[in-house]
Amino acid sequence: MNEPISQMMPKETMPERVSSLWTQRTLKFRIPCVGTGLHTGRRVNLTLLPAPADHGIVFRRTDLGRDIPASYNQVVDTKLCTVVGEGSARVSTIEHLMAALAGAGIDNVLIEVDGPEVPIMDGSAAPFSFLLECAGTTTLDTPRKTIEILRPVRVTDGHAFAELRPFDNTTSQAARPAVPTLELEVSIDFADAAIGRQSRSLRLTPENFRDAVAPARTFGLLRELDHLRALGLAKGGSLDNAIIVDGDKILNPGGLRMKDEFVAHKLLDAVGDLALAGAALHGRFIAHRPGHGLTNKLLRALFANQASWADITPEHLAAVAA
Ligand SMILES: [Zn+2]
């Protein structure tokens with residue numbers, strides 16, 4: 001690990017906005033909410049609490065007295081959503097809340113939940129982003145762990161793939177941003193005409209996340225929903241918390257929130273699943289038909305090879321920009 005940032009570049013020499021990208025953040029105040037679990041259909045109480053530097057994002061099952069760090073290596077299931085576990089304690093459907101936290105640049109929060117699921121809310125990250133705005137954020141006087149992607153890492157599953165790539169530092173300077181940056185490009189391809197082929201890119205900033213991605217709802221195919229219900233799952237699922245597609249039709253009376261809401265939601269999921277890296281990422285994420293399992297496999301592949309990433313500090317990127 002490198003020297004503390006305070007010894008390399010005093011904060012007052014950096015513009016405030018740049019400085020905040022390198023510094024850990026938490027919530028100003030605790031904030032509670034209540035919602036329904038998508039799969040159990042049960043009422044869930046969720047409270048977000050401020051946490052000290054280097055605490056990270058941690059889920060606490062208050063009903064079991066167990067803590068589960070929000071880390072890629074705590075992921076125990078990815079079939080329908082992202083599930084983290086510690087022993088027999090689990091918390092599922094963490095990805096939209098994780099995306100809201102990553103979108104807002106929040107590193108340290110204790111998340112108390114009194115059951116096995118994060119509430120689904122409206123199926124997007126917007127209600128969580130709103131909660132975070134209400135709680136407010138505050139900067140902690142400790143550097144944020146930031147890692148740069150140095151070599152491409154790619155994982156596949158049939159026609160689906162997900163990659164992390166370095167910024168191209170052999171061409172123009174603009175290709176490698178001078179501040180920690182995660183760029184994402186996602187494409188999807190569904191036989192159902194209401195979805196079809198869609199692609200979208202995103203440079204992750206709080207504003208881009210809030211405006212372009214956070215409101216995009218999760219979606220499902222009617223035939224799959226019937227199947228899940230037959231298995232006793234998706235009990236809390238309804239047109240209030242998911243877009244339901246049947247061939248060329250969208251069954252929600254209000255239609256879509258944005259014309260490419262499906263791929264926007266895939267970007268949202270990717271932001272949330274990549275947040276399980278436990279560090280800000282400096283690099284590019286490119287994926288076709290990604291899912292929770294593939295993104296988790298990608299993080300495991302990244303961290304399995306020490307040569308594919310490195311911790312960075314402001315000095316590293318300042319040197320590039322000079
Ligand atoms: Zn999702």
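Hydrogens, waters and symmetry mates play no part in the numbers below; they use all other heavy atoms, side chains included. As the structure lists them, so they are numbered: ligands from 1, and atoms in each ligand from 1.
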Self-check item: Flag side-chain contact, heavy atom, 4.5 Å: Ile195 against Val245
Solution: yes
Quiz item: Thinking salt bridges, do Asp107 and Arg144 make one under a 4.0 Å N-O criterion?
Solution: yes
Exercise. Evaluate the criterion salt bridge (Lys or Arg N to Asp or Glu O under 4.0 Å) for residue pair Asp192 and Arg223; output intermediate values, then yes/no.
Key: CA-CA 11 Å; Asp192 301 77; Arg223 59 181 181 276; 3.2 Å; yes
Quiz item: Is His265 close enough that one of its N/O/S atoms sits under 2.8 Å from the Zn ion (ligand 1)?
Solution: yes
Quiz item: Of all the N, O or S atoms in His96, which one sits nearest to the Zn ion (ligand 1)?
Solution: NE2
Quiz item: Taking side chain as C-beta onward, heavy atoms only, is Phe59 less than 4.5 Å from Val118?
Solution: yes
Self-check item: Presence of N, O or S from Asp269 under 2.8 Å of the Zn ion (ligand 1)
Solution: yes
